[in-house]
Amino acid sequence: MPEGHTVHRLARTLGGLFGGQALRVSSPQGRFAAGADLLDGATLVAAEAWGKHLFLGFERSGPSLGPGGTATALWLRVHLGLYGAWTFAGDGSADVVHAIGAPRRRIGERDSVPADVPGHRARADDAAGEWVAPEPRGAVRVRLLGPHAVADLTGPAACEVVDDEEKARVEDRLGPDPIRDDGGRSSLADARDDFVARVRRSRVAVGQQLMDQGVVAGVGNIYRAEALFRAGIDPLRPGRDVAADALAGLWDDLVVLMRDGARTGAIVTTRAEHRDGPAVVDDPAGRRRTRQNTDGSPDAVPPEDAFYVYHRDGLPCRVCGAPVLTKELAARNLFWCGACQG
DNA sequence: GCTGCATGATGAG
DNA sequence: TCATCCTGCAGCA
């Protein structure tokens with residue numbers, strides 16, 4: 001999925017695109033018709049993420065945020081699961097991201113493309129000059145339509161309207177989130193202690209625990225493999241046998257990696273000295289140039305150089321040259337270096 | 001056209 | 001541990 005960094009990015013994107021606006025909410029696919037009715041016409045007053053859960057807060061009577069704040073009446077809770085995704089289009093008044101979500105639909109996740117990219121442009125009505133949202137494509141569970149932009153959600157594992165209490169109940173089940181300012185605890189340091197304690201009170205393999213959202217929220221299959229590699233921790237080692245300071249270091253690294261992912265939209269865990277070097281490609285004009293990604297960073301990393309071990313089974317470890325190993329753990333493919341991760 | 005995957009999570013047995 | 005749900009796309013015929 002869409003790991004936690006993607007969901008935080010979504011919260012920021014949706015908040016920026018629709019915050020403070022009354023939205024038309026619908027379910028073109030029909031499967032969320034009842035929920036859409038509850039939210040239609042309400043104003044988006046909050047957009048938050050905790051781990052892989054996205055919460056969009058709606059207020060019926062408009063954003064009446066008094067001094068003490070205002071209780072948000074309703075929340076739309078979305079979990080993308082393995083293949084959920086949001087796609088966006090707009091009238092060009094703001095840069096609109098093309099899509100954020102499942103890998104294959106995420107073509108433009110790092111792109112902040114102008115809204116007039118062919119095929120994603122909102123059609124302008126010539127006569128009135130008024131923006132018209134494009135027709136929904138595919139099985140769109142939810143459509144959020146504002147005056148200048150539209151967001152379509154497809155394939156979510158969860159999509160429901162909840163109240164404050166139900167939202168709190170979901171959050172109570174979640175471990176600390178490395179991307180949240182305070183980690184979801186009273187401070188980031190407390191969040192780290194919580195993480196370390198949770199891992200160490202179980203003999204379940206640390207590589208399995210990292211996928212447990214009650215241990216740490218937001219980590220998925222890529223971050224688990226990559227963070228364990230960077231920490232030099234054997235994924236199969238029982239949690240209680242991993243040194244506390246090693247786990248603390250792992251947490252600190254997750255904070256850096258995942259916040260970076262949320263900022264750029266791409267997961268890159270390799271250090272420059274461990275990459276194969278600048279990749280050279282032919283650009284459309286036929287010139288040879290160094291490949292770059294599109295987040296604006298001049299030293300952006302091509303996807304094939306982004307990971308140490310994820311999907312690199314059989315290839316030589318970037319650090320020691322030993323073949324990268326793979327094994328199914330907790331119904332997901334685990335990747336690691338048997339030599340570096342003792 | 002069809003099949004098999006994919007950065008997930010849950011519930012039953 | 002398995003089956004199941006959510007959907008689109010790459011890789012095949």
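Chain naming here is simple, since letters A, B, ... match the order of the sequence lines and numbering starts at 1 in each. Quick caveat: nothing in here was measured; it's all calculated off a predicted structure.
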(request) Check for a donor-acceptor pair, side chain of Thr269(A) on one end and backbone N or O of Glu226(A) on the other, with a separation under 3.5 Å. (result)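 No, Thr269(A) side chain to Glu226(A) backbone: no donor-acceptor pair under 3.5 Å.
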
Any side-chain N or O of [X] under 4.0 Å from OP1/OP2 of [N]?
X         : N      : result
His79(A)  : dA9(B) : yes
Gln29(A)  : dT7(C) : yes
Gln213(A) : dG8(B) : no
Arg332(A) : dT1(C) : no
Arg141(A) : dT7(C) : yes

When we call it a touch if two heavy atoms are under 4.0 Å apart, what does [X] touch: a base, just sugar-phosphate, or nothing?
X         : answer
Glu226(A) : nothing
Ala139(A) : sugar-phosphate
Arg31(A)  : sugar-phosphate

(request) Using Watson-Crick or G-U wobble pairs with both distances under 3.5 Å, give me DNA chain B in dot-bracket, 5' to 3', with [ ] for crossers and | for pairs to another strand. (result) ||||||.|||||.

(message) Any salt bridge linking Lys167(A) with Glu171(A)? Criterion: basic side-chain nitrogen under 4.0 Å from a carboxylate oxygen.
(response)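 Salt bridge between Lys167(A) and Glu171(A), a charged N being under 4.0 Å from a carboxylate O: yes.
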
(request) Please determine if Asp260(A) and Arg263(A) form a salt bridge, counting it only when a charged side-chain N lies under 4.0 Å from a carboxylate O. (result)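 Salt bridge flag = yes for Arg263(A) with Asp260(A).
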
Atom [atom1] of [X] to atom [atom2] of [N]: distance rounded to whole Å?
X         : N       : atom1 : atom2 : result
Leu153(A) : dT7(C)  : CG    : P     : 9 Å
Met211(A) : dG8(B)  : CE    : C1'   : 7 Å
Arg77(A)  : dG8(B)  : CZ    : C1'   : 12 Å
Leu174(A) : dA9(B)  : CG    : C1'   : 12 Å
Arg137(A) : dC9(C)  : CZ    : P     : 8 Å
Arg173(A) : dT10(B) : CZ    : P     : 6 Å
Trp50(A)  : dA9(B)  : CH2   : P     : 15 Å
Glu328(A) : dA3(C)  : CD    : C1'   : 14 Å

(message) Less than 4.5 Å apart, side chain to side chain, heavy atoms only: is that true for Phe58(A) and Leu76(A)?
(response)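 A side-chain contact under 4.5 Å exists here.
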
(message) Do Phe55(A) and Val170(A) make a side-chain contact, defined as non-hydrogen atoms from C-beta onward lying under 4.5 Å apart?
(response)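 Yes, their side chains come closer than 4.5 Å.
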
(message) Once you measure the plane-to-plane angle for Tyr308(A) and Phe229(A), does it fall in the parallel (<30°), tilted (30-60°) or perpendicular (>60°) bin?
(response)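 It falls in the parallel class, under 30°.
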
(message) Roughly how many Å apart are dT10(B) and dG8(C), using the C1' atom of each and rounding to a whole number?
(response)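 The same atom, C1', in both gives a distance of 22 Å.
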
(request) Provide the distance between the two C1' atoms, one in dA9(B) and one in dC9(C), to the nearest whole Å. (result)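 Straight-line distance between the two C1' atoms is 22 Å.
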
(message) Tell me the closest heavy-atom pair linking Gln21(A) and Pro147(A), and the distance in Å.
(response)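 Scanning both residues completely, I find the closest heavy atoms to be OE1-CD, 3.1 Å.
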
(request) For DNA chain B, determine which residues of residues 307-317 of chain A have any heavy atom closer than 4.0 angstrom to one of its atoms, and list them numerically. (result)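 Listed by number, they are Tyr310(A), His311(A).
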
(request) Check whether more than 12 heavy atoms from other residues, nucleotides or ligands sit under 6.0 Å from atom CD of Glu273(A), and answer yes or no. (result)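 Yes - once you tally the heavy atoms of other residues, nucleotides and ligands closer than 6.0 Å, there are more than 12.
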
(request) Give a yes or no on whether Leu153(A) and Leu74(A) share a hydrophobic cluster (residues Ile, Leu, Val, Met, Phe, Trp, Tyr; joining criterion: side-chain heavy atoms under 4.5 Å apart). (result)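 Yes, because Leu153(A) and Leu74(A) connect within a single hydrophobic cluster, where side-chain heavy atoms sit under 4.5 Å apart.
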
(request) Only pairs at least two apart or in different chains count here, so list each ring-ring contact (aromatic ring centres under 6.0 Å, His included) that has a residue in residues 314-342 of chain A. (result)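 Qualifying pairs, neighbours excluded: Tyr310(A)-Phe335(A), His311(A)-Phe335(A).
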
